[in-house]
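Each remark here refers to the structure printed beneath this line.
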Amino acid sequence: MIGMKTCNGNTSIMDMFEKGKVLKICAPMVRYSKLAFRSLVRKYDCDICFTPMIVASDFMRSVKARDSEFTTNEHDRPLIVQFAAHDAQTLADAACVVAPFSDGVDLNCGCPQRWAMSAGFGACLINKPELVKDMVRHVRNQVDNPNYTASIKIRIHKDLRQTVDLCQKAESAGVSWITVHGRTSEERHQPVHYDAIKTIKDSISVPVIANGDIKYLRDVESTYKLTGVDGVMAARGLLSNPAMFSGYEDTPLECIWDWVDISLEQGTPFTCFHHHLIYMLERVSSQPERKVFNSLSSTSAVIDYLQNTYGSLHDLGT
């Protein structure tokens, strides 16, 4: 964990929610929404970033886990730390550890992966509203900064009344806002249920963030029109194009070179550096080009390839 200035406790993410304004948010993504990538999307109109999901009990158990799982710096704000937990005190303890370096914590109630569900984390929590309520309340009561947020990220039930009940219970416990991935835990690439997100938005008074299938800036506007939400969260859309929230259809060259600079500056491991570029170049490169690029095995080879194939920014006249 990198030391940094603590927030003075006078500012809150809640002040960012304004009527008619739709916040643009980078989703928690395992392996991907780390500091370097957050630094990149913040340059391109991303309002709030989430860390990857961190298992709260592991985080509290070992210094090594804390140092490897949570890295930040003074520019990395507003920042929400997402935890997987099924015990209220463990979540509250983890929240107290990260509170000086972040603006809020989020409880993952949406991860549909089998390992998470079988450990009692993620999407199985949407069927335990009393536990969720307890966890939210513990964070609220134990972090001493009143502006620090406690949010949850959920999937929906087949019977939406259960989801509405969960959200209303979380609201009564003091939840700051709720992110709704508009699919059930069984659904993967099926269309997002915008009507369900709208129903949830209409049944609670805290802000609601919509998640699922946000691939272009125009999707932000259309999701807002369909649901009336207060913000949208993107995952794969931002991986493919970190400049998406700035209105670019595909990853601009400037963004690719920004990623190179940030990665070199922060010492991003090669695999992570390379994987992000594979995503960013997917829509703008041909199959033979991708084959060559994907097989590169060093940072210098990648930089040479980018210069030879796309040119540097100087060639653009920027």
Side-chain angles (χ1 to χ4, degrees), residues 1-28 33 35 38-39 41-42 45-54 56 59-60 66 69-85 88-109 132-154 167-180 200-201 204-211 229-233 245:
M1 213 184 311
I2 294 175
M4 54 169 279
K5 298 194 296 281
T6 54
C7 170
N8 60 12
N10 295 334
T11 54
S12 169
I13 283 198
M14 299 316 290
D15 300 336
M16 297 175 73
F17 290 103
E18 292 168 35
K19 198 156 179 56
K21 183 186 181 214
V22 187
L23 292 183
K24 300 188 278 289
I25 301 173
C26 173
S33 60
L35 176 61
R38 297 194 301 264
S39 307
V41 295
R42 288 183 194 281
D45 290 339
C46 184
D47 297 310
I48 299 170
C49 291
F50 275 57
T51 67
M53 179 182 82
I54 299 167
F59 188 76
M60 292 311 296
R66 288 199 282 282
E69 294 278 332
F70 181 62
T71 310
T72 185
N73 62 27
E74 67 271 24
H75 307 296
D76 187 28
R77 305 295 279 270
L79 180 66
I80 302 296
V81 182
Q82 194 191 57
F83 285 111
Q89 193 52 52
T90 309
L91 178 64
D93 290 343
C96 290
V97 171
V98 298
F101 311 98
S102 58
D103 299 279
V105 289
D106 185 82
L107 174 64
N108 183 314
C109 305
V132 170
K133 200 172 156 179
D134 198 32
M135 290 202 270
V136 168
R137 193 174 282 134
H138 267 68
V139 173
R140 274 277 187 234
N141 291 342
Q142 292 181 40
V143 173
D144 61 6
N145 173 1
N147 289 317
Y148 198 71
T149 62
S151 55
I152 61 174
K153 182 172 188 287
I154 66 170
C167 293
Q168 289 173 340
K169 285 198 163 89
E171 181 174 33
S172 73
V175 82
S176 305
W177 78 81
I178 297 175
T179 301
V180 183
I200 293 163
K201 170 65 191 159
I204 54 176
S205 56
V206 295
V208 172
I209 310 292
N211 174 221
V229 288
D230 305 275
V232 297
M233 178 184 278
F245 285 146

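None of these values were measured; they are calculated from a predicted model.
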Once you round to the nearest 0.5 Å, how far does CD1 of Ile54 lie from CE of Met60?
-> 12.0 Å
Heavy atoms only: give me the nearest Pro78-Arg42 pair and the separation to one decimal.
-> O-NH2, 2.9 Å
Is Ser176 reaching over with its side chain to a backbone N or O of Ala150, donor-acceptor style, under 3.5 angstrom?
-> yes
Could you please spell out the steps behind the salt bridge (Lys or Arg N to Asp or Glu O under 4.0 Å) verdict for Arg38 and Asp76?
-> CA-CA 7 Å; Arg38 297 194 301 264; Asp76 187 28; 2.7 Å; yes
Which atom of Leu91 lies closest to which atom of Met135, heavy atoms considered = CD2-CB, 3.8 Å
Would you call Arg77-Asp103 a salt bridge at under 4.0 Å N-O?
-> yes
Any donor and acceptor pair, going by atom type alone, linking the side chain of Glu171 with main-chain N or O of Ser205 inside 3.5 Å?
-> yes
Compare all side-chain heavy atoms of Val132 with those of Lys169 and state whether any distance is below 4.5 angstrom.
-> no
Quick one: does Asp47's side chain have a donor or acceptor within less than 3.5 Å of a partner on Ile25's backbone?
-> no
Do Leu79 and Phe70 touch side chain to side chain, with heavy atoms closer than 4.5 Å?
-> yes
Are the side chains of His75 and Ser39 in touch, meaning some heavy atoms are under 4.5 Å apart?
-> no
Is Ser33 reaching over with its side chain to a backbone N or O of Phe50, donor-acceptor style, under 3.5 angstrom?
-> yes
Heavy-atom closest pair (Ala170 atom, Ile152 atom, distance to 0.1 Å) is CB-CD1, 3.8 Å
Yes or no on side-chain contact (heavy atoms from CB on, under 4.5 Å) for Ser102 and Thr72, after CA distance, side-chain angles and deciding distance?
-> CA-CA 9 Å; Ser102 58; Thr72 185; over 6 Å; no
Quick check: does any side chain N or O of Arg137 sit under 3.5 Å from a backbone N or O of Val175, one acting as donor and the other as acceptor?
-> no
The residue among Ile204, Ile209, Leu23 that forms side-chain contact (heavy atoms from CB on, under 4.5 Å) with Trp177 is Ile209
Do any N or O atoms from the side chain of Ser12 and from the backbone of Met14 form a donor-acceptor pair under 3.5 angstrom?
-> yes
What's the shortest heavy-atom distance between Arg66 and Phe59, and which atoms?
-> NH1-O, 2.8 Å
Which heavy atom of Ile200 sits nearest a heavy atom of Cys167, and at what distance?
-> CG2-SG, 3.8 Å
Correct closest heavy-atom pair for Gln82 and Asp106 would be NE2-OD2, 3.0 Å
